[in-house]
Amino acid sequence: MSIFTGLSSMIVPTIAGTLTMKVGIDLTLLLEGLLGVIAFALIYLLQFSTNFLDPWGPKNWKF
C-alpha cells in the first residue's frame, strides 16, 4: 500500500506539471479530475467481466 501511494504521489504531480507546460492549466485540471472517473469505470468493467462474462469463474466453481 505504501509503495502504491508513494509512487502515485510522485507520478501524478509529474504528469500534471508536464501537461500544464504542454497544454495549459485548464485542460490539465480536466484530465487529472477525470482520472477518478476513469478508474471507477475500469473497476466496474473489470468486476462485470469477472462476474458475468467468465463462465468458469469463481462463482460457478463447485467443490
Side-chain angles (χ1 to χ4, degrees):
M1 182 73 176
S2 64
I3 293 173
F4 174 75
T5 305
L7 286 177
S8 67
S9 66
M10 181 182 73
I11 292 172
V12 170
T14 304
I15 293 172
T18 305
L19 277 175
T20 301
M21 289 189 298
K22 300 288 183 186
V23 297
I25 190 73
D26 294 331
L27 187 57
T28 300
L29 289 174
L30 174 70
L31 293 174
E32 293 290 327
L34 287 176
L35 284 177
V37 175
I38 294 168
F40 180 76
L42 289 176
I43 289 171
Y44 178 77
L45 287 173
L46 179 62
Q47 287 177 347
F48 178 78
S49 67
T50 302
N51 293 332
F52 298 112
L53 299 179
D54 187 11
W56 302 106
K59 279 183 146 182
N60 296 324
W61 290 352
K62 301 201 183 339
F63 293 103

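Keep in mind that what you see is a predicted model, and the values were worked out from it rather than measured.
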**Request:** Decide yes or no for L27 and L19: does some side-chain heavy atom of the first lie under 4.5 Å from some side-chain heavy atom of the second?
**Result:** no

**Rounded distance (nearest 0.5 Å) linking atom CD1 of I43 with atom CD1 of I38** = 12.0 Å

**Prompt:** Under a 4.5 Å side-chain heavy-atom rule over Ile, Leu, Val, Met, Phe, Trp and Tyr, are Y44 and V37 clustered together?
**Reply:** no

**Prompt:** If you group Ile, Leu, Val, Met, Phe, Trp and Tyr whenever their side-chain heavy atoms sit less than 4.5 Å apart, what else falls in with L29?
**Reply:** I25

**Asked** Between T28 and T20, what is the shortest heavy-atom contact and its length?
**Response** OG1-N, 3.2 Å

**Message:** Would a single hydrophobic cluster contain both L30 and M21, if residues Ile, Leu, Val, Met, Phe, Trp and Tyr are joined by side-chain heavy-atom contacts under 4.5 Å?
**Reply:** no

**Asked** Of all residues at least two apart in sequence or in a different chain, which pass the side chain to side chain contact (heavy atoms under 4.5 Å, CB included) check with V12?
**Response** E32

**Message:** So, using side chain to side chain contact (heavy atoms under 4.5 Å, CB included) as the criterion, who are the partners of L45 when residues are at least two apart?
**Reply:** none

